[in-house]
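Structure, as structure tokens:
Proteins get letters first, then strands, A, B, ... in listed order; numbering begins at 1 in each. This is a predicted model, so every value here is computed, not measured.
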2 protein chains.
Amino acid sequence: MDTKTRILNAAELLFADKGFSGTSLREITSIAEVNLAAVNYHFGSKKELIKALMKRYLDVLAPSLITSLSDILENTDKPSLEQVFSAFVEPLLSLNKLHENGTSNFLQLLGHSYTDSQGFLRWFITNNYPGIIDNFTAAVHKAYPELTSEDIFWRLHFTMGTAVFTMSSTEALIDIASNDFGLKLDVADVIKRIIPYVAAGVGAPIAR
Amino acid sequence: MDTKTRILNAAELLFADKGFSGTSLREITSIAEVNLAAVNYHFGSKKELIKALMKRYLDVLAPSLITSLSDILENTDKPSLEQVFSAFVEPLLSLNKLHENGTSNFLQLLGHSYTDSQGFLRWFITNNYPGIIDNFTAAVHKAYPELTSEDIFWRLHFTMGTAVFTMSSTEALIDIASNDFGLKLDVADVIKRIIPYVAAGVGAPIAR
DNA sequence: TGTCATTTTAAACGGGTGTTTGATATTAGA
DNA sequence: TCTAATATCAAACACCCGTTTAAAATGACA
């Protein structure tokens with residue numbers, strides 16, 4: 001495996017676990033078993049490394065998500081919200097083929113990108129992949145036309161919070177679930193539990 | 001104002017904004033206008049400072065939240081989920097009396113505490129304030145008896161995710177909302193928007 | 001095989017980190 | 001007023017940070 005990839009893999013592992021400002025380049029290069037200077041040689045800076053890391057996932061996820069959502073928009077007259085959210089499942093889970101724990105790692109990174117580093121990554125994401133948000137908004141609107149775009153904006157962010165937060169503590173939650181309820185769960189199970197929840201949340205009656 | 005309080009206030013401001021690992025003691029003591037060594041003198045370490053900061057809020061919030069939830073448990077035969085979640089509003093908003101932007105600051109801190117610092121704060125909270133979780137679980141059970149304790153476990157964490165994530169990016173969201181929809185919002189508005197969402201989420205039909 | 005671009009390396013750079021020290025003020029009680 | 005505890009202070013400590021440098025190793029191609 002080439003140096004660039006080894007750095008990305010190690011960075012993914014550590015960033016997902018400890019956040020961006022909580023992870024040093026020395027930890028990354030040590031785990032990747034490459035020289036410290038390799039990060040700056042191949043990526044330019046720590047910030048650029050973070051961007052490249054997100055890009056590796058978003059370049060796969062974004063088109064797949066847009067296709068999946070467009071499919072609903074074009075072929076379903078009035079989709080249910082469950083259908084809309086189910087459109088996320090396959091694209092998200094397919095990240096596991098791209099990489100071990102890909103789904104969970106990506107969602108954890110997404111979570112960190114909203115709190116860490118003064119939001120420069122949030123800017124990067126929303127400005128580079130607007131198609132996702134547009135398609136999602138359109139699909140939700142079709143499923144629940146009474147929602148204003150403002151309602152959708154808020155409920156979309158609530159939904160992101162649910163997903164991101166849950167995923168960034170999935171390991172712990174799966175542990176607890178197995179101790180307290182004697183169940184063996186994986187990421188796919190958790191995602192399937194989330195869907196009815198967020199679908200009902202987004203579909204909640206509008207209080208005015 | 002005494003040194004201890006000035007440190008806590010400055011730390012609250014900076015930690016809420018930039019996270020724990022993103023904020024240095026030198027920034028804190030500079031804004032608090034106290035000597036650098038004062039933090040270690042009064043609190044022992046940075047970690048202890050963080051704990052003291054959370055304690056300042058949790059000592060007020062926890063009893064008030066437990067009272068509010070017990071009230072529902074004792075005086076309502078079958079509360080609605082909206083009622084259960086509304087029990088959080090007054091205690092949370094009362095943090096604004098304790099401190100300017102108290103509610104928002106506290107919730108942002110809570111958000112950071114779940115991603116920063118390897119979850120030691122999550123441990124601290126769940127081990128120091130279990131009454132909240134017990135009361136909440138009981139109240140939800142009364143409102144929706146068909147939910148198994150496992151269902152409640154998951155949906156409670158989804159709900160925490162929604163709240164914590166939203167609050168830790170409230171500033172950004174309020175910014176976007178004001179740019180895109182020309183609306184001026186504050187924390188109280190956001191909280192009121194969350195309630196129907198999470199109530200519907202927790203109240204979602206059980207897929208088996 | 002020799003040349004030249006690419007990649008890797010150890011070392012250093014300047015600066016920031018949390019924490020500790022020991023001296024100096026400040027305060028409160030006898 | 002003197003004393004003893006409490007609090008503040010500048011300075012230093014040892015260490016970690018992201019980045020840069022210049023030399024050494026490696027690779028591709030003529």
request  = Please list, chain by chain and in numerical order, all residues satisfying side chain to side chain donor-acceptor pair (under 3.5 Å) with B:Ser94, sequence neighbours excluded.
outcome  = none

inquiry  = Holding to side chain to side chain donor-acceptor pair (under 3.5 Å), I want the full list of residues that pass it with A:Ser80, two or more places apart in sequence or in another chain.
reply    = none

request  = For D:dT8, take OP1 and OP2 only and decide whether either is under 4.0 Å from a side-chain N or O of B:Thr3.
outcome  = yes

Residue pairs passing the side chain to side chain donor-acceptor pair (under 3.5 Å) test where at least one lies in residues 54-67 of chain A, sequence neighbours excluded = A:Asn9-A:Arg56, A:Glu12-A:Arg56, A:Glu12-A:Tyr57, A:Lys55-A:Asp59, A:Asp59-A:Tyr129

Identify all pairs in which a protein N or O lies below 3.5 Å from an N or O of nucleotides 17-21 of chain C, and state each distance.
{"from": "C:dT17", "atom 1": "OP1", "to": "B:Ser24", "atom 2": "OG", "distance (Å)": "3.0"}
{"from": "C:dG18", "atom 1": "OP1", "to": "B:Leu25", "atom 2": "N", "distance (Å)": "3.3"}
{"from": "C:dG18", "atom 1": "OP1", "to": "B:Lys46", "atom 2": "NZ", "distance (Å)": "2.9"}
{"from": "C:dG18", "atom 1": "OP2", "to": "B:Leu25", "atom 2": "N", "distance (Å)": "2.8"}
{"from": "C:dG18", "atom 1": "N7", "to": "B:Arg26", "atom 2": "NH1", "distance (Å)": "2.8"}
{"from": "C:dG18", "atom 1": "O6", "to": "B:Arg26", "atom 2": "NH2", "distance (Å)": "2.9"}
{"from": "C:dT19", "atom 1": "OP2", "to": "B:Asn40", "atom 2": "OD1", "distance (Å)": "3.2"}
{"from": "C:dT19", "atom 1": "OP2", "to": "B:Lys46", "atom 2": "N", "distance (Å)": "2.9"}
{"from": "C:dT19", "atom 1": "O5'", "to": "B:Asn40", "atom 2": "OD1", "distance (Å)": "3.4"}

ask   = Are any of the side-chain nitrogens in B:Arg155 or B:Glu150 under 4.0 Å away from the carboxylate oxygens of its partner?
value = no

inquiry  = Using a strict heavy-atom distance below 4.0 Å, which residues from residues 5-12 of chain B are in contact with DNA chain D?
reply    = none

request  = Using only side-chain N and O atoms of B:His42, determine if any of them is under 4.0 Å from OP1 or OP2 of D:dT6.
outcome  = no

query = Looking at residues at least two apart in the chain, or sitting in another chain, which of them share a ring-ring contact (aromatic ring centres under 6.0 Å, His included) with B:Phe136?
reply = B:Phe85, B:Phe88

query = What residues, two or more places apart in sequence or in another chain, satisfy side chain to side chain donor-acceptor pair (under 3.5 Å) together with B:Glu90?
reply = none

request  = Calculate the interatomic distance between B:Asp2 atom CG and C:dA28 atom C1'; express it in whole Å.
outcome  = 17 Å

query = Can you name the ring-ring contact (aromatic ring centres under 6.0 Å, His included) partners of A:Phe181, sequence neighbours left out?
reply = B:Phe153

task = Identify, with sequence neighbours excluded, every residue that meets salt bridge (Lys or Arg N to Asp or Glu O under 4.0 Å) alongside B:Glu27.
result = B:Lys18

message = Rounded to whole Å, how long is the line connecting atom CZ of A:Phe15 with atom P of D:dG18?
response = 8 Å

